[in-house]
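In what follows, chains carry the letters A, B, and so on, assigned in the order in which the sequence lines appear, proteins first and then strands, with residues in each chain numbered from 1. Any value given below was found using the heavy atoms of this structure, including those in side chains, with hydrogens, waters and symmetry copies removed.
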There are 2 protein chains.
Amino acid sequence: MNLSFQDYISIKLHQTDLKLTSYVKAQLQPYNLAPEQNLIMMLLWEKDGMTQNQLAHHLKKDKTNIARMASNLEKKGFIKRNFCTEDRRSLELYLTEEGRELKEQVVPVAEAFNDAVTEGISKEELQELDRLLTKMQNNIEG
Amino acid sequence: MNLSFQDYISIKLHQTDLKLTSYVKAQLQPYNLAPEQNLIMMLLWEKDGMTQNQLAHHLKKDKTNIARMASNLEKKGFIKRNFCTEDRRSLELYLTEEGRELKEQVVPVAEAFNDAVTEGISKEELQELDRLLTKMQNNIEG
DNA sequence: TTCAATTAGTTGCTACATCTACTATCTGAT
DNA sequence: ATCAGATAGTAGATGTAGCAACTAATTGAA
């Protein structure tokens with residue numbers, strides 16, 4: 001059948017993801033937050049004191065990634081990392097005052113981003129999109 | 001409204017993209033091709049002798065990226081880079097014999113990947129998915 | 001209780017992705 | 001003909017993404 005380049009849905013998906021990521025990156029730049037760093041912050045704003053391991057599970061990411069992003073967030077002064085007393089291998093992440101204050105600024109940006117992306121797309125269409133993405137993920141499991 | 005984490009369609013999109021990319025990466029590993037390197041090869045299999053600049057346009061990627069990936073492909077022996085005679089700034093990419101032979105092996109892998117991803121998804125659903133992705137991209141233009 | 005297996009985190013490696021700044025070349029207006 | 005501005009490519013920097021190999025701490029079974 002000889003598919004041409006544009007026919008691969010995964011390529012379209014990838015390009016869309018890159019475009020959205022680069023857009024949100026620009027939106028977050030003024031707050032000195034990178035997109036994935038922001039995801040960690042969003043989880044911490046909901047629940048302080050999670051360990052890196054827990055974050056890795058929530059975000060479905062490699063622990064290596066989380067470690068480096070957490071380290072960067074600490075350097076930026078948004079979080080502190082303390083060794084857990086019950087399990088001295090684990091690092092718990094706590095918001096600093098600066099990190100806590102960031103929430104008021106960044107959450108509206110995230111919601112505005114979501115509104116912009118989904119503009120003119122109905123709830124049903126979003127559900128259908130979610131369903132198809134889930135299906136594609138399941139298709140390549142195992 | 002306070003969206004929770006899973007409600008952002010862009011996060012789902014990102015996670016799906018990562019999953020697909022890591023899957024295709026594993027599929028291509030035996031051929032010593034990374035996913036994005038493979039995209040360059042696919043274009044060259046269609047049309048030999050494109051410049052890095054043309055590839056960047058086709059793939060909608062930064063020229064820096066293309067330069068580095070092309071350099072890697074050259075190191076692997078799949079392509080040769082020759083300065084264009086009409087415009088000595090431009091580098092034209094040509095397949096080596098090894099790169100040309102790779103096509104027979106890799107194209108079936110790419111099509112099998114696409115088949116796996118889209119299994120159980122109808123043509124209409126794929127069109128709808130494509131339409132929604134396009135809409136999301138357009139939503140954040142300008 | 002003690003030692004092997006497991007677990008949390010880090011370091012090093014490869015591969016994107018994109019920005020800025022740079023070199024070399026080309027083009028066009030004067 | 002010449003020089004300013006545009007263009008193709010490279011180098012360096014930052015931020016993902018995930019694998020392999022490592023350390024340190026914990027756990028569980030003999």
Next on the checklist: From CG of A:Leu73 over to P of D:dT14, roughly how many Å is that when rounded to an integer?
Outcome noted: 16 Å

Checklist entry - Just how far, in rounded Å, is C1' of D:dA8 from CZ of B:Arg68? => result 15 Å

Checklist entry - Taking the nucleotide of DNA chain C with the closest heavy atom to each, which residue, B:Lys60 or A:His57, is nearer the 5' end? => result A:His57

Checklist entry - How close or far is atom C1' of C:dC16 from atom CG of A:Asn65, stated in whole angstroms? => result 13 Å

Item to check | Nucleotide nearest B:Leu18 when distance is taken to its side chain, options C:dC19, D:dT16, D:dA17 | outcome: D:dA17

Checklist entry - What nucleic acid atoms does B:His14 come within less than 4.0 Å of, heavy atoms only: base, sugar-phosphate, or nothing? => result sugar-phosphate

Checklist entry - Looking across every strand, which nucleic acid part, if any, lies under 4.0 Å from B:Lys25 by heavy atom: base, sugar-phosphate, or nothing? => result nothing

Item to check | A:Thr134 (side chain) donor-acceptor with A:Asp130 (main chain) under 3.5 angstrom | outcome: yes

Next on the checklist: Checking side-chain polar atoms at under 3.5 Å, does A:Tyr31 have a donor or acceptor matched by the opposite partner on A:Gln29?
Outcome noted: no

Checklist entry - Within less than 4.0 Å of OP1 or OP2 of C:dC16, is there a side-chain N or O belonging to B:Gln37? => result yes

Checklist entry - Which one, D:dG9, D:dT26, C:dA15, comes nearest to the side chain of A:Arg88? => result D:dT26

Checklist entry - Hey, are B:Glu92 and B:Lys80 close enough for a salt bridge, meaning a charged N less than 4.0 Å from a carboxylate O? => result no

Next on the checklist: Rounding to an integer number of Å, can you tell me how far A:Leu28 CG sits from D:dT16 C1'?
Outcome noted: 14 Å

Item to check | Option passing side chain to side chain contact (heavy atoms under 4.5 Å, CB included) with B:Leu73 (candidates B:Ile79, B:Thr96, B:Leu95) | outcome: B:Ile79

Checklist entry - Is a side-chain N or O of B:Thr51 found less than 3.5 angstrom from the main chain of B:Gln54, in a donor-acceptor match? => result yes

Checklist entry - In whole angstroms, how far is the C1' atom of C:dA15 from the CE atom of B:Met41? => result 17 Å

Next on the checklist: Measuring from the side chain of B:Asn53 (C-beta onward, heavy atoms only), which nucleotide among C:dT11, D:dG9, C:dA8 has the closest atom?
Outcome noted: D:dG9

Item to check | Selected nucleotide, minimal atom distance to B:Leu91 side chain, candidates C:dC13, D:dT10, D:dT26 | outcome: D:dT10

Checklist outcome for this item: Of A:Pro35 and B:Glu92, the one whose nearest nucleotide on DNA chain D sits closer to the 5' end is B:Glu92

Checklist entry - B:Asp62 CG to D:dA8 P: how many Å, rounded? => result 13 Å

Next on the checklist: Students often get this wrong, so: under 4.0 angstrom with heavy atoms, is A:Ser90 touching a base, only sugar-phosphate, or nothing?
Outcome noted: sugar-phosphate

Checklist entry - To the nearest Å, how far apart are A:Gln52 CD and C:dT10 C1'? => result 9 Å

Item to check | A:Lys12 side chain reached by B:Gln137 side chain, heavy atoms, under 4.5 Å | outcome: yes

Checklist entry - At under 4.0 Å between heavy atoms, what does A:Gln54 touch on the DNA or RNA strands: base, sugar-phosphate, or nothing? => result nothing

Checklist entry - Which nucleotide, D:dG15, C:dG9, C:dA17, lies nearest any side-chain atom of A:Thr51? => result C:dG9

Next on the checklist: Starting the side chain at C-beta, find the nucleotide from C:dT11, D:dT16, C:dC26 nearest to B:Asp87.
Outcome noted: C:dC26

Checklist entry - Can you tell which of D:dA17, C:dA17, C:dC19 lies closest to the side chain of B:Glu36? => result C:dA17

Item to check | Proximity to the side chain of B:Lys63 - top-ranked nucleotide from D:dA25, D:dT16, D:dT10 | outcome: D:dT10

Item to check | Whole angstrom value for the distance that separates P of C:dT25 from CZ of B:Arg89 | outcome: 10 Å

Checklist entry - Does any donor-acceptor pair link the side chain of B:Thr21 with the base of C:dC16 at a separation under 3.5 Å? => result no

